[in-house]
Colleague: 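Quick one: this structure, given as structure tokens, is what I'll be asking you about.
Here is how names work: the chains are called A, B, and so on, in the same order as the sequence lines, proteins then strands, and each is numbered from 1. The analysis underlying the following values was restricted to heavy atoms, covering all of them including side chains, and did not include hydrogens, waters or symmetry mates.
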Amino acid sequence: MLIKDIKNLLDAKFLSGEEYSDREVCGAFGCDLMSDVLAFVEDKILLLTGLTNPQVIRTAEMLDINAIVFVRGKIPPEEVIEMAREMEIALLATNHTLYTSCGILYGSGLKGISIGGI
Amino acid sequence: MDLKDKNKGIKLEYEVIKEDFGRAGEASSGIKKVLRQLGIDSGIIRRVAIATYEAEINIVIHSEGGKIIVHIKPDKIEITAKDYGPGIKDIDLAMQKGFSTASHKVRELGFGAGMGLPNMKRSSDEFFIESEVDKGTTVKMIINL
């Protein structure tokens, strides 16, 4: 799914990285526990989260995650947006909750990741 | 950061400061950039990134401070994460997935899921940990190239 499609589906706005609208992600992961993201994420995945601290960007950097959606209307501080800009990570923000955002994307065909063969 | 060019590899060393959440991850980010410049396989880079980042966060969250040393050799990458205390009383318990001694404040930052050490072990081909209460903890990981 392309990032611009995700933006439209979630009624989201770009906080940074609008130039990466045509990037593709092959799955998504909704999570607020960074160590779980590190444990389970492998591919070009979209991360959905309500956490807005710099460590979200660092975790994304470590795993080559190139797009993050902040849910529940959360907007990270400017320093975090700037960090993402430097690392070429697209940041979006939506007012939908994590549950609804995940449901919308899943219902539109964006799969989650498999854990333990499930 | 200290960069020494040895005959048989490159050594990177970073100090990690206790409770410095603003800068946590900088060492791992720097290491990742060097590995990319060296043209190392992206799958290996990912494993090193996870191992060093989890180690770095552990030092920030749980210790009095420490350092991360990465030794890039022709056939393997050796990562050593060493801290100055307080040491781990029960290593087996610490290695259990989901077990964490992280404070409430740390959990609010998204950490403390209790996956740090298990993630480090999973990312490496060889994993060693030793610790002494009141002295410190050393984790050594080897990732084969």
Side-chain angles (χ1 to χ4, degrees), chain A residues 23 25-27 29-45 47-66 68-72 74-89 91 98 113-118, chain B residues 16 19-33 35-36 40-58 60-62 68 79 94 96-102 105-124:
Chain A
R23 259 189 200 160
V25 295
C26 52
F29 194 67
C31 192
D32 284 352
L33 291 174
M34 294 301 105
S35 280
D36 273 358
V37 179
L38 287 162
F40 299 120
V41 170
E42 278 182 15
D43 279 320
K44 286 267 179 277
I45 292 287
L47 175 64
L48 296 104
T49 185
L51 272 187
T52 55
N53 65 56
Q55 294 311 321
V56 174
I57 311 298
R58 282 282 177 223
T59 302
E61 183 200 2
M62 292 300 123
L63 297 168
D64 297 322
I65 289 169
N66 59 16
I68 301 171
V69 176
F70 296 104
V71 299
R72 305 194 288 271
K74 306 263 176 127
I75 308 284
E78 186 54 41
E79 53 173 50
V80 172
I81 297 175
E82 187 50 42
M83 214 173 142
R85 226 174 250 134
E86 279 167 31
M87 292 179 198
E88 298 179 4
I89 295 173
L91 295 186
L98 183 63
I113 63 178
S114 174
I115 293 175
I118 293 181
Chain B
V16 180
E19 286 174 9
D20 192 351
F21 289 101
R23 294 186 53 191
E26 268 183 22
S28 303
S29 181
I31 291 162
K32 192 176 182 209
K33 285 190 181 86
L35 295 181
R36 237 195 251 123
I40 304 247
D41 168 75
S42 63
I44 301 275
I45 294 182
R46 174 187 293 263
R47 289 167 61 197
V48 173
I50 292 171
T52 55
Y53 183 57
E54 291 280 29
E56 196 178 345
I57 293 296
N58 273 356
V60 170
I61 291 172
H62 296 292
I68 307 260
I79 303 160
Q96 264 180 42
K97 286 185 187 176
F99 177 81
S100 175
T101 56
K105 166 190 162 188
V106 162
R107 289 174 198 264
E108 279 173 19
L109 291 174
F111 295 103
M115 296 295 285
L117 288 171
N119 279 346
M120 287 156 72
K121 186 170 183 186
R122 184 182 56 94
S123 298
S124 46

Colleague: Using a cut-off of under 4.5 Å for heavy-atom pairs, which of B/Ser123, B/Gly116, B/Ala24 has the most such pairs with chain A?
Modeller: B/Ala24
Colleague: Any Lys/Arg nitrogen of A/Arg72 or A/Asp32 sitting under 4.0 Å from an Asp/Glu carboxylate oxygen of the other?
Modeller: yes
Colleague: So that I can tick it off, tell me whether A/Arg85 and A/Glu78 are bridged by a salt bridge, with the cut-off set at under 4.0 angstrom between side-chain N and carboxylate O.
Modeller: yes
Colleague: For B/Asn119 and A/Ser35, indicate whether the former's side chain and the latter's backbone hold a donor-acceptor pair under 3.5 Å.
Modeller: yes
Colleague: Where on B/Ile57 is there a heavy atom nearer than 4.5 Å to chain A: the side chain, the backbone, both, or neither?
Modeller: side chain
Colleague: With a 4.5 Å cut-off on heavy-atom pairs, point out which of B/Glu108, B/Glu26, B/Arg107 contacts chain A the most.
Modeller: B/Glu26
Colleague: By a 4.5 Å heavy-atom criterion (distance strictly below it), what part of A/Asp64 contacts chain B: side chain, backbone, both, or neither?
Modeller: both
Colleague: Heavy-atom distance under 4.5 Å to chain B: side chain of A/Leu63, backbone, both or neither?
Modeller: both
Colleague: When you measure from the side chain of A/Thr52 to the backbone N and O of A/Ile75, does any donor-acceptor pair fall under 3.5 Å?
Modeller: no
Colleague: Go through the atoms of A/Thr59 and report whether side chain, backbone, both or neither lie under 4.5 Å from a heavy atom of chain B.
Modeller: both
Colleague: Just by modelled atom types, is the B/Leu109 backbone N or O under 3.5 Å from a matching donor or acceptor in the A/Gln55 side chain?
Modeller: no
Colleague: Quick check on the interface: out of B/Ser28, B/Ser29, B/Ala113, who has the most heavy-atom pairs with chain A under 4.5 Å?
Modeller: B/Ser29
Colleague: Among B/Ala49, B/Pro118, B/Gly112, which residue has the highest count of heavy-atom pairs closer than 4.5 Å to chain A?
Modeller: B/Ala49
Colleague: Working to the nearest 0.5 angstrom, can you tell me the gap between A/Glu86 CD and A/Glu61 CD?
Modeller: 10.0 Å
